[in-house]
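What follows is a single structure, written as structure tokens, with notes after it.
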Protein chains: 2
Amino acid sequence: MADINFSHISPDPDSRASEGRSPAPRAGDLRWDIIELLFFAYRDFVGDADHELEVFGFGRAHHRVLHFVHRYPGLKVADLLDVLRITKQSLGRVLKQLLDEGYIVQKTGNNDRRQRLLFATAKGEALVAKLAGLQTDRINRALGNITPDGADTVRQFLRAMIDHDDPDKVLETILKPGAATAKDQA
Amino acid sequence: MADINFSHISPDPDSRASEGRSPAPRAGDLRWDIIELLFFAYRDFVGDADHELEVFGFGRAHHRVLHFVHRYPGLKVADLLDVLRITKQSLGRVLKQLLDEGYIVQKTGNNDRRQRLLFATAKGEALVAKLAGLQTDRINRALGNITPDGADTVRQFLRAMIDHDDPDKVLETILKPGAATAKDQA
DNA sequence: CAAGATACGTCAATATGGCTGACATAAATT
DNA sequence: AATTTATGTCAGCCATATTGACGTATCTTG
């Protein structure tokens with residue numbers, strides 16, 4: 001049945017450069033290789049969590065909320081909106097579910113009692129750790145043949161891929177120069 | 001007004017490891033740093049294209065279709081479904097728009113006349129190149145302070161993040177051992 | 001050649017997760 | 001006291017994904 005051998009679908013002529021044993025790319029060349037690697041890598045990376053989330057009746061949106069609440073305990077709703085870059089209404093639906101089902105709790109702010117500071121419950125911690133575990137396994141596998149210096153290079157690359165203008169507050173802590181994470185700034 | 005200084009939202013205790021000046025992570029540690037960097041990096045990476053696509057009334061889905069049709073000219077509909085991992089019905093809408101508006105053309109397969117081989121038109125090529133240009137600019141900026149060997153490390157990492165079991169045919173060409181892209185296998 | 005499998009297209013209904021606009025309440029600020 | 005801020009919520013819209021069913025052209029096979 002005319003077994004498709006894909007000889008006819010190899011990348012087309014204008015992807016001619018920046019490839020092979022990575023010769024220095026000429027100006028104007030497009031980074032098709034890295035563009036595609038990012039697509040597939042991210043697809044499979046989030047796929048790990050997606051499968052597990054289905055079991056709980058949650059989606060990617062719930063994961064993002066739970067992740068940042070876990071990582072930055074006491075996050076305000078407004079901060080969460082900044083980080084996720086979605087509207088209050090979109091967040092509302094997802095957050096309500098996580099609250100109702102006991103993955104997250106709210107505490108009234110001490111200084112400003114209008115604020116609802118968000119915290120993950122034990123149940124929430126357990127789920128987010130499980131999801132991070134799956135993703136960590138993938139990352140560890142991927143870093144398997146890479147030296148510690150190489151891992152730093154990967155971090156440096158990812159960090160530099162992020163917009164640095166007008167960072168929200170969470171992003172600020174992540175991007176603070178030099179450190180691998182915000183923790184080191186405290 | 002109680003300026004939020006985020007001292008209270010620094011990453012919580014169980015993210016205590018695998019950080020700093022990347023000490024070798026202990027077993028069981030979670031890669032919170034890379035998980036978050038991937039999230040933000042990918043968000044901004046696709047954001048570049050998203051903004052431009054709005055101008056054309058297209059979404060991310062159109063970009064993905066156009067990208068792979070451009071990169072692998074003569075791609076069959078079935079192959080596209082494999083790569084994108086969406087259903088025929090979902091692809092249908094998006095593909096129809098791209099066909100109707102002249103970004104893609106179909107040609108009946110030579111061997112198998114049931115197949116509709118897909119090709120980008122000049123108009124399609126122009127758009128996809130524009131989008132790849134934006135993303136390439138970001139990648140080049142990110143690789144700015146990284147050596148050629150470091151860039152290879154980044155590629156190696158991204159490649160290793162991808163599922164290698166049951167690869168579809170496009171992925172197969174990308175993952176073929178050693179080479180940076182499929183082109184080198186021809 | 002007839003039967004069945006395959007490649008593709010499409011209709012209909014549904015879910016998720018975004019969006020805008022409008023409005024309400026409580027608490028802080030001025 | 002008036003205003004602004006932080007949050008929540010109602011109502012509706014849109015994009016993109018899903019499943020299931022069905023139709024048609026074409027290739028493969030008994």
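Just so it is clear: chains get the letters A, B, ... in the order the sequence lines come, proteins before strands, and each one is counted from 1.
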Between [X] and [N], does any side-chain N or O lie under 4.0 Å from OP1 or OP2?
X	N	result
B/Ser90	D/dT16	no
A/Gln106	D/dT7	no
B/Thr87	D/dA17	no
B/Arg114	D/dC27	no

- Query: Starting at the 5' end of DNA chain D, which residue's closest nucleotide do you reach first, B/Arg64 or A/Leu95?
  - Reply: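 By nearest-heavy-atom nucleotide position, the 5'-most residue is A/Leu95.
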- Query: If each of A/Gly92 and B/Phe58 is mapped to the nucleotide of DNA chain D with the nearest heavy atom, which maps nearer the 5' terminus, i.e. the 5' end?
  - Reply: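 Checking each residue's closest nucleotide, the 5'-ward one belongs to A/Gly92.
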When you measure from the side chain of [X], which nucleotide among [options] comes out closest?
X	options	result
B/Val77	C/dG17, D/dT18, C/dG9	C/dG9
B/Arg113	C/dC8, D/dT16, D/dT26	D/dT26
B/Lys88	D/dT9, C/dA12, C/dC8	C/dC8

Rounded off to whole Å, could you give me the [atom1]-to-[atom2] distance for the [X] and [N] pair?
X	N	atom1	atom2	answer
A/Asn111	D/dA6	CG	C1'	14 Å
B/Asn110	D/dC27	CG	C1'	15 Å
B/Lys76	C/dG9	NZ	C1'	16 Å
A/His62	C/dA15	NE2	C1'	12 Å
A/Gln115	C/dT29	CD	P	10 Å
B/Leu117	C/dA7	CG	P	13 Å
A/Gln89	C/dT16	CD	P	19 Å
B/Leu80	D/dT16	CG	C1'	15 Å

- Given that A/Arg116 and A/Ile86 both sit by DNA chain C, which one's nearest nucleotide is further toward the 5' end?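 In this pair, the answer is A/Ile86.
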- For the residue pair A/Phe40 and B/Phe68, is the inter-centroid distance of their aromatic rings smaller than 6.0 Å?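 Between B/Phe68 and A/Phe40, which both carry aromatic rings, the centre distance is below 6.0 Å.
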- Message: Check for me whether the distance between the ring centres of A/Tyr103 and A/Phe58 falls short of 6.0 Å.
- Response: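 Ring-ring flag for A/Tyr103/A/Phe58: true, centres closer than 6.0 Å.
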- Message: Is it the case that the side chain of A/His62 and the backbone of A/Gly59 share a donor-acceptor pair, with hydrogens and angles ignored and the cut-off at 3.5 Å?
- Response: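 A pair under 3.5 Å: yes.
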- Residue B/Lys123 excluded, over 12 heavy atoms near NZ under 6.0 Å: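 More than 12 heavy atoms, drawn from other residues, nucleotides or ligands, come within 6.0 Å of this atom.
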- Message: Just to be sure I understand the rule, does A/Arg60 reach a base, reach only the sugar-phosphate, or reach nothing, if contact means heavy atoms closer than 4.0 Å?
- Response: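 The residue A/Arg60 makes sugar-phosphate contact but no base contact.
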- Any N/O donor-acceptor pair, B/Arg93 side-chain to C/dG9 base, under 3.5 Å: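 Result: no qualifying N/O pair found.
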- If you look at every heavy atom in B/Tyr72 and A/Glu36, which pair is closest and at what distance?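 Closest approach of B/Tyr72 to A/Glu36, heavy atoms only: OH-OE1, 2.8 Å.
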